[in-house]
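Order of the sequence lines fixes the chain letters, A, B, ..., with proteins taken first and strands second; residue numbering starts at 1 for each chain.
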2 protein chains.
Amino acid sequence: MTIYDIAEKCGVSIATVSRVLNGSSRVSAKTKEKILLVMKEQNYQPNPFARGLGLNSMKMIGVLCEDVSDSFYATAISLIESYLRLIDWNVILGCTGRGSGLKYKHLQFLMEKHVDAIIIIGTPFNHTKDLDYLKNVAKKRPVIMVNSYIKHNNIYGIICDEETGMSDIVGKLAEKGCKSVLYLYDSLTYSGRQKLTGYKKGIATHKLDENPLLQNKINRSLEDVEQTVKKLIEQNVYFDAVVTSEDLLAIGAQRAILQMGKNMPIVGCNNSLLAQCATPMITSLDNQLEILCREAVELLTKLMNDKEVPSKMIFPAKLYQRESFIYA
Amino acid sequence: MTIYDIAEKCGVSIATVSRVLNGSSRVSAKTKEKILLVMKEQNYQPNPFARGLGLNSMKMIGVLCEDVSDSFYATAISLIESYLRLIDWNVILGCTGRGSGLKYKHLQFLMEKHVDAIIIIGTPFNHTKDLDYLKNVAKKRPVIMVNSYIKHNNIYGIICDEETGMSDIVGKLAEKGCKSVLYLYDSLTYSGRQKLTGYKKGIATHKLDENPLLQNKINRSLEDVEQTVKKLIEQNVYFDAVVTSEDLLAIGAQRAILQMGKNMPIVGCNNSLLAQCATPMITSLDNQLEILCREAVELLTKLMNDKEVPSKMIFPAKLYQRESFIYA
DNA sequence: TTGTAGGCGTTATCAT
DNA sequence: ATGATAACGCCTACAA
């Protein structure tokens with residue numbers, strides 16, 4: 001079934017069929033009706049490749065992240081897919097993996113498919129080669145970064161102010177009388193750097209213990225974090241609260257602390273389902289993914305309609321208090 | 001940059017350029033070399049829409065699930081994406097949502113993009129209208145179902161034998177001396193039905209308590225499951241072990257049981273990260289997603305090469321023992 | 001080994 | 001309001 005078949009069955013030219021297909025007003029009601037009828041009964045569907053060839057677009061957006069199996073990215077992708085779906089855009093998914101090699105290849109794959117824009121969740125790109133490639137991509141297509149940012153023409157960032165969120169947490173812990181806040185983190189993505197900075201600022205502002213042993217970079221694994229925390233306690237490194245860059249780390253830390261017969265406030269980040277599965281449930285800083293993703297898609301539509309958009313938007317984080325730390 | 005530009009710069013015809021593009025051997029080494037050089041320096045990329053128009057394929061696979069933000073689906077999608085990536089296929093993602101309305105629309109979206117095949121994770125389709133549409137889709141494109149199955153031409157199922165897995169669990173509980181096994185489940189997908197059947201068979205085989213109050217369908221939410229379990233205990237419904245269709249339910253059940261001052265074996269399903277975040281850590285039945293997804297992609301490639309494939313493949317489940325129930 | 005030309009199914013610009 | 005036709009960029013059968 002092509003536009004030719006429809007045209008023939010209706011006794012009109014393909015131009016007329018194309019017009020009703022694209023909702024042109026310059027078609028008589030009668031012929032339009034007939035064409036629509038024939039289309040329906042023939043179950044006609046326009047060929048997306050032919051259309052793509054002419055319009056140079058198949059209404060597809062490339063969405064990239066490190067690893068969809070991670071609940072944070074999965075949630076983001078889910079939100080973005082549903083928002084894009086509402087306005088009839090499709091998602092081509094790409095996962096770069098957490099390894100180090102040749103991530104720009106994944107950008108290449110998307111560009112080869114001529115996606116109309118690229119949305120990047122988090123910070124998959126760090127190496128110069130990858131970043132250079134990304135900037136080149138931005139010359140051809142808009143790039144929207146969710147919870148990450150690179151200042152560059154045609155790259156837009158929708159981010160959460162986790163820095164303030166984190167330093168506020170430290171402030172609240174100080175109010176409660178904590179003196180030494182242990183910080184555990186697993187990566188220095190854009191978001192990771194923000195949180196670390198927030199922690200440091202909080203510590204400085206409230207004149208808390210600046211012992212460098214209290215800042216620990218570790219793998220994101222329950223075993224590793226439990227081991228690290230236990231070791232610190234055994235070595236008599238004093239701390240009276242724990243903040244982590246990620247819920248999983250907070251869960252492991254809490255487990256280790258309880259096992260060592262101690263108790264103290266613990267706060268994680270990302271407000272994932274994991275936080276609610278731990279006992280006691282973990283208080284967590286939510287980076288408001290729902291808002292970020294909604295705004296990312298919103299920005300995209302504005303961009304497609306040649307409207308003005310900000311190159312960077314910042315939204316506040318929100319603390320979800322649970323059993324592991326209640327301050328008010 | 002089109003094939004014409006390259007041809008002109010090389011002083012050859014577009015046919016020759018096309019030949020080197022497609023690795024035809026019928027090109028002299030000299031011209032081939034030159035064309036490749038020019039392509040590289042012009043940074044030429046073939047237009048996927050034009051190619052798609054001619055070949056009727058853009059090497060894209062539609063992948064559908066209910067909800068990527070669920071860790072089970074997210075893991076599956078992650079695996080499938082990476083396996084497809086290896087053989088240069090792209091994933092167009094679709095999420096139907098858990099609601100009831102018009103899910104076949106999502107199949108339509110994928111078909112409108114002329115994907116080469118469709119992979120479905122789990123059981124998003126239940127209504128007759130959706131299923132009829134799915135069967136129609138199967139007339140045009142192969143449909144591969146991961147952890148679900150519908151017997152129909154051109155629909156293939158890669159499934160895990162959770163029924164046996166579940167009845168084995170009941171058997172092991174019986175061995176340990178349990179008499180009344182509480183079963184909690186949240187949905188009757190293909191997988192859900194298998195597990196329920198497995199539970200019932202296990203109960204029957206080992207002559208355990210068949211009290212219908214021990215089979216509870218509830219929402220997948222921590223609050224709901226905790227409330228349900230507490231109510232059962234308060235009403236003096238006797239049970240001495242809990243099995244659930246999903247880790248989250250097991251976690252909630254465990255929490256309620258501990259809070260009520262009781263203790264007993266608890267087993268979940270899906271072996272998600274959640275299971276490890278609970279304390280005690282939850283023993284869980286793993287449906288071997290990694291194998292299922294690998295085989296799904298494998299089957300797809302065979303299908304594309306017109307090789308014979310089985311319409312249904314079944315793999316065994318595997319129990320991951322943790323603190324919540326150790327039987328051996 | 002290389003070139004010519006038709007076909008893939010649309011959209012859009014002209015005419016009429 | 002409608003039709004004829006070029007253009008989109010590639011592939012490939014057939015010719016040379």
Next item on the list: Return the value, rounded to whole Å, for the distance between atom CG of A:L21 and atom C1' of C:dT10.
Entry: 9 Å
Notebook entry, point to check: Is the closest side-chain heavy-atom distance between A:Y149 and A:M313 below 4.5 Å?
Noted result: no
Item checked: Pair listing, salt bridge (Lys or Arg N to Asp or Glu O under 4.0 Å) test, anchored in residues 127-138 of chain B, at least two apart -> none
Note to self: Going 5' to 3' along DNA chain D, which are the first and last nucleotides with any atom under 4.0 Å from a heavy atom of chain A?
What the structure shows: D:dA1 to D:dG9
Checklist line | Residues in salt bridge (Lys or Arg N to Asp or Glu O under 4.0 Å) contact with A:E295, at least two apart in sequence or another chain | finding: none
Item checked: Sequence neighbours excluded - side chain to side chain donor-acceptor pair (under 3.5 Å) pairs with any residue from residues 40-55 of chain B -> B:N22-B:R51
Notebook entry, point to check: When the C1' atoms of the five terminal pairs at each end define the local axes, what inter-axis angle does the helix from C:dT1-D:dA16 to C:dT16-D:dA1 show, to 10 degrees?
Noted result: 40°
Item checked: Residue pair A:I118 / A:I120, side-chain heavy-atom distance below 4.5 Å -> yes
Check: Please give, in whole Å, the distance from C:dT11 C1' to A:R26 CZ?
Finding: 16 Å
Notebook entry, point to check: Could you give the distance from CZ (A:R85) to CD (A:E81), rounded to the nearest 0.5 Å?
Noted result: 6.5 Å
Notebook entry, point to check: Is any side-chain heavy atom of B:I121 closer than 4.5 Å to a side-chain heavy atom of B:N147?
Noted result: no
Item checked: Pairwise side-chain contact, B:I119 with B:V146, heavy-atom cut-off 4.5 Å (strictly under) -> yes
Next item on the list: Kindly indicate whether the side chain of A:L53, heavy atoms from C-beta on, has any atom under 4.5 Å from the side chain of B:L53.
Entry: yes
Notebook entry, point to check: Looking at DNA chain C, which of residues 1-8 of chain B put a heavy atom within less than 4.0 Å of it?
Noted result: none
Item checked: Backbone N/O of B:V20 and side chain of B:S24: donor-acceptor pair under 3.5 Å -> no
Item checked: Residues in salt bridge (Lys or Arg N to Asp or Glu O under 4.0 Å) contact with A:D306, at least two apart in sequence or another chain -> none
Notebook entry, point to check: Taking only residues two or more places apart in sequence, or in another chain, which ones meet B:R98 in a salt bridge (Lys or Arg N to Asp or Glu O under 4.0 Å)?
Noted result: B:E66, B:D67, B:D70
Check: Would you say A:I77 and A:L93 make side-chain contact, with heavy atoms under 4.5 Å?
Finding: yes
Margin query: Can you pull out the residues from residues 33-51 of chain B that lie within a 4.0 Å heavy-atom distance of DNA chain C?
Written below: none
Notebook entry, point to check: Between atom CG in B:L53 and atom C1' in C:dG7, what is the gap in whole Å?
Noted result: 9 Å
Note to self: According to side-chain hydrogen bond (donor to acceptor under 3.5 Å, both in side chains), who are the partners of B:Y73, at least two apart in sequence or on a separate chain?
What the structure shows: none
Check the interface with nucleotides 3-5 of chain C: list each N/O to N/O pair with the protein under 3.5 Å, or write none.
residue, atom, partner, partner atom, Å
C:dG3, OP2, B:S13, N, 2.8
C:dG3, OP2, B:S13, OG, 3.2
C:dG3, OP2, B:T16, OG1, 2.9
C:dG3, N7, B:R19, NH2, 3.4
C:dG3, O6, B:R19, NH2, 2.3

Next item on the list: Hey, which sits more toward the 5' end of DNA chain C by its nearest nucleotide, B:K32 or B:G54?
Entry: B:K32
Notebook entry, point to check: With sequence neighbours left out, which residue pairs that include part of residues 114-126 of chain B fulfil the side chain to side chain donor-acceptor pair (under 3.5 Å) condition?
Noted result: B:S57-B:D116, B:T123-B:S148
Next item on the list: Kindly say if A:N22 contacts the phosphate of C:dT11, meaning a side-chain N or O under 4.0 Å from OP1 or OP2.
Entry: yes
